[in-house]
Amino acid sequence: YLIFLLVGYKFIDSIASQIDLTFKKLKNFNSNVSHELKTPLTIIKSEIELALMNKDNIQNCEKILKDILEEINYISEITDKLLFLTKNYDKNKKFKEIDLEEIIFELYEKYGDKINFRFDFGDDEYLILGDKTLLKIALSNIIENSIKYGASEINFILEKYKNKIILRIKDNGIGIPKEKLPFIFDEFYRVDESHNKEIKGFGL
């Protein structure tokens with residue numbers, strides 16, 4: 001009985017710790033979401049008030065409307081990402097053959113005017129079974145983070161090793177401190193927790 005009690009206690013303690021960690025993550029996430037949504041809404045409110053005061057100045061109103069549109073697009077982007085997180089991914093979904101090289105070139109078309117791309121692919125074909133949409137989302141996040149954190153160049157390296165295809169991505173941005181690397185796959189984790197107004201996002 002004592003052994004059963006001890007095992008039961010350890011199990012309950014482990015569950016309690018997991019629940020506590022989940023609540024902490026949720027609290028941090030709610031704080032970040034509130035901050036990220038409040039900032040553009042405050043900007044929109046201020047810009048509209050400014051436009052109303054300067055309604056005779058057409059040029060100034062045009063700039064204000066562009067600023068408002070930019071903030072609305074940002075709120076829309078946050079909403080789309082939050083909705084994506086709530087979707088249940090079908091684990092039984094059949095993967096299709098996709099070309100990694102093709103995906104990277106599609107991303108080049110999208111981001112090529114914001115950051116310099118370098119490619120090192122060789123002459124092989126890089127076909128894998130996977131979900132093209134999810135891969136594009138993952139790679140887009142990496143590129144967007146490179147841009148956010150000061151990189152002017154990003155290098156995509158594709159190579160075959162035995163029966164695997166390896167994709168390596170390098171940039172010349174500020175990088176991530178070594179002590180932060182163990183946490184980068186934690187949900188909603190951000191290396192920069194200072195809410196830098198110049199760098200938007202909250203670990204989605």
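The structure presented is a predicted model; accordingly, all values stated were derived computationally and were not measured. What you see below is based on every heavy atom in this structure, not just the backbone, and it leaves out hydrogens, waters and symmetry mates.
- From K110, atom NZ reaches atom CD of E144 across 6.0 Å, with rounding to the nearest 0.5 Å.
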Open item on the list: Before you tell me yes or no, could you show the steps for E101 and E125 under side chain to side chain contact (heavy atoms under 4.5 Å, CB included), namely the whole-Å CA-CA distance, both residues' side-chain angles and the distance that decides it to 0.1 Å?
Closed with: CA-CA 8 Å; E101 194 171 346; E125 280 191 325; over 6 Å; no
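- Taking a 6.0 Å sphere around CD of E153, one finds it holds more than 12 heavy atoms contributed by other residues, nucleotides or ligands.
- For the salt bridge (Lys or Arg N to Asp or Glu O under 4.0 Å) test, residues two or more places apart in sequence or in another chain that qualify with K136 are E106.
- In terms of hydrophobic clustering, with Ile, Leu, Val, Met, Phe, Trp and Tyr side chains grouped at heavy-atom distances under 4.5 Å, I165 and L167 are assigned to a common cluster.
- Nearest heavy atom pair, residue S146 against residue D171, reads OG-OD2, 2.5 Å.
- The shortest distance between side-chain heavy atoms of I98 and I103 falls below 4.5 Å.
- For residues 158-168, every residue pair satisfying the side chain to side chain donor-acceptor pair (under 3.5 Å) rule, not counting sequence neighbours, is listed here: E159-R168.
- Here F119 and F105 bring their ring centres to under 6.0 angstrom of each other.
- Counting heavy-atom neighbours within 6.0 Å of Y111 OH, excluding the residue itself, gives a total above 12.
- Counting only heavy atoms from C-beta outward, the side chains of L135 and D131 never approach each other to under 4.5 Å.
- Remark: I154 CD1 to Y108 OH distance equals 13.5 Å, nearest 0.5 Å.
- When side chains are defined from C-beta on, L158 does not count as touching D124, because their heavy atoms never get closer than 4.5 Å.
- No hydrogens or angles considered: a donor-acceptor pair under 3.5 Å links the side chains of N172 and S152.
- Ring-plane geometry between F156 and F117 is classed as parallel, the angle between the planes falling under 30 degrees on a 0 to 90 degree scale with a further cut at 60.
- Linking ILVMFWY side-chain heavy atoms closer than 4.5 Å, directly or via other members, places L100 and L127 in two distinct hydrophobic clusters.
- Residues G173 and A151 come closest through the heavy atom pair N-CB, 3.6 Å.
- Annotation: side chain of N155 is in contact with side chain of I157 (closest heavy-atom distance under 4.5 Å).
- Atoms CG and CD1, on L107 and I115 in that order, are 12.0 Å from each other to the nearest 0.5 Å.
- Using a 4.5 Å cut-off on side-chain heavy atoms (C-beta onward), R118 and K170 make no contact.
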